[in-house]
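Here's the structure we're looking at; comments come further down.
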Amino acid sequence: MPEGHIVHRIADDLNGYFAGKPVTVTSPQGRFTQDAMTISGQRLRLATAVGKQLFIEFENDLTLRIHLGIYGKWQFHQSSESPAIVGEVRARFSHGKVFADLRGPTVCEVVDQDSVRMVLRKLGPDPLNANPRQAESRRFINKVLKSQSSIGLLLMNQEVISGIGNVYRAELLFRAGIEPHTPGSALSMEQVQALWNDSVKLMRVGAKTGFMITRESLFGKNPRKEDRNYVYKREGQPCRNCKTSVSIELMAARKLYWCSRCQK
DNA sequence: AGGTTATGCCAAT
DNA sequence: TTGGCCTAACCTC
């Protein structure tokens with residue numbers, strides 16, 4: 001159940017364990033067997049994360065594209081014996097003593113390079129792939145500033161910015177003091193640039209720790225889940241800043257959390 | 001044991 | 001906008 005920072009961590013793990021090595025790929029569950037046979041035994045060239053999408057490229061130029069969706073998870077094992085299959089394992093990677101099990105992905109398919117390019121073309125810039133010159137941030141800013149739709153929706157739109165999900169959406173807007181229903185076009189360029197910069201900052205914390213810690217005072221610590229955020233999943237509880245009861249509503253079928261006093 | 005929930009997304013309406 | 005996908009964890013009874 002990841003936002004983009006987790007997918008980047010998975011790409012790093014996969015590269016650490018398997019890059020440059022021939023990987024045995026199976027599908028204990030059976031749903032992925034046909035595709036698995038096309039890459040099994042090939043050397044894994046590189047795993048790359050873009051937003052919430054994971055691309056695992058093999059030496060025969062085929063790429064395994066994975067999207068974890070809301071349920072998907074990877075689990076890594078190190079063992080001289082093959083670990084028992086527990087539950088529905090869509091795909092298992094193995095090389096030597098390392099095993100990686102994938103469960104519950106929305107997408108798990110082998111595709112060619114053209115198909116990868118088509119997917120990539122649709123994705124907005126990823127804060128975790130930002131280069132130092134901030135060239136990508138301009139794409140994000142331009143799209144937001146000319147859109148009539150709300151910033152709450154825009155931050156969840158992977159064609160606008162990739163890798164942000166429901167937690168970071170709520171927390172970014174709280175930290176910026178922006179009311180989630182504000183149209184993109186009503187924001188200033190400085191506000192949108194600041195949102196981008198903050199997304200880079202927060203997602204780097206997430207990628208480094210594995211946790212979505214968004215309260216400045218808790219950076220570098222290991223807080224309990226219920227302490228990590230300002231407004232996410234805190235409906236009805238007092239705002240950590242002004243004590244106003246945190247608001248909740250459904251926006252495009254997802255729960256939106258915000259403080260009606262701090263975010264105007 | 002059964003019900004609810006989730007950091008997501010798409011096709012159908 | 002709604003339903004469906006698909007899995008495990010975390011409730012409640």
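Letters go in sequence order (proteins before strands), and every chain restarts at 1.
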request  = For A:Gly152 and A:Arg169, work out which heavy atoms get closest and say how close.
outcome  = O-NH1, 2.9 Å
ask   = How is A:Arg169 classified with respect to the nucleic acid when contacts are heavy atoms under 4.0 Å: base, sugar-phosphate, or nothing?
value = nothing
Sugar-phosphate only, base, or nothing, as touched by A:Glu159 at under 4.0 Å among non-hydrogen atoms = nothing
task = Examine A:Leu187 and A:Leu153 and state if one hydrophobic cluster contains both, with Ile, Leu, Val, Met, Phe, Trp and Tyr joined whenever side-chain heavy atoms are less than 4.5 Å apart.
result = no
request  = Give me the ring orientation class for A:Phe18 and A:Phe93: parallel if the planes are under 30° apart, tilted from 30 to 60°, perpendicular past 60°.
outcome  = perpendicular
query = Among B:dT7, C:dT7, B:dA6, which is the nearest nucleotide to the side chain of A:Arg90?
reply = C:dT7
Identified side chain to side chain donor-acceptor pair (under 3.5 Å) partner of A:Arg92 from the options A:Thr24, A:Asp101, A:Thr26 = A:Asp101
key: Between P of C:dC6 and NE2 of A:His67, the distance in whole Å   = 15 Å
task = Please determine if a side-chain N or O atom of A:Gln158 lies less than 4.0 Å away from the OP1 or OP2 oxygen of B:dC9.
result = yes
request  = Take atom P in B:dA1 and the same atom in C:dC6, then report the distance between them in whole Å.
outcome  = 25 Å
ask   = If only side-chain N and O atoms of A:Lys73 are considered, is one of them under 4.0 Å from the OP1 or OP2 phosphate oxygen of C:dT7?
value = no
query = Is the distance from OP1 or OP2 of B:dA6 to the nearest side-chain N or O of A:Arg254 less than 4.0 Å?
reply = no
request  = For A:Tyr232, report the nucleic acid contact type (base, sugar-phosphate, nothing); a contact means any heavy atom under 4.0 Å.
outcome  = sugar-phosphate
task = For the pair A:Trp258 and A:His181, name the ring-plane relationship: parallel under 30°, tilted 30 to 60°, perpendicular over 60°.
result = perpendicular
Nearest-angstrom distance, P atom, C:dA8 to B:dC10 = 23 Å
query = Does A:Lys255 make a side-chain N or O approach to OP1 or OP2 of B:dA6 shorter than 4.0 Å?
reply = yes
query = Between C:dT2, B:dT7, B:dG8, which one does the side chain of A:Ala253 approach most closely?
reply = C:dT2
task = Using the C1' atoms only, state how far B:dT7 lies from C:dT1, rounded to an integer number of Å.
result = 22 Å
Separation of atom CG in A:Leu256 from atom P in C:dT1, rounded to whole Å = 14 Å
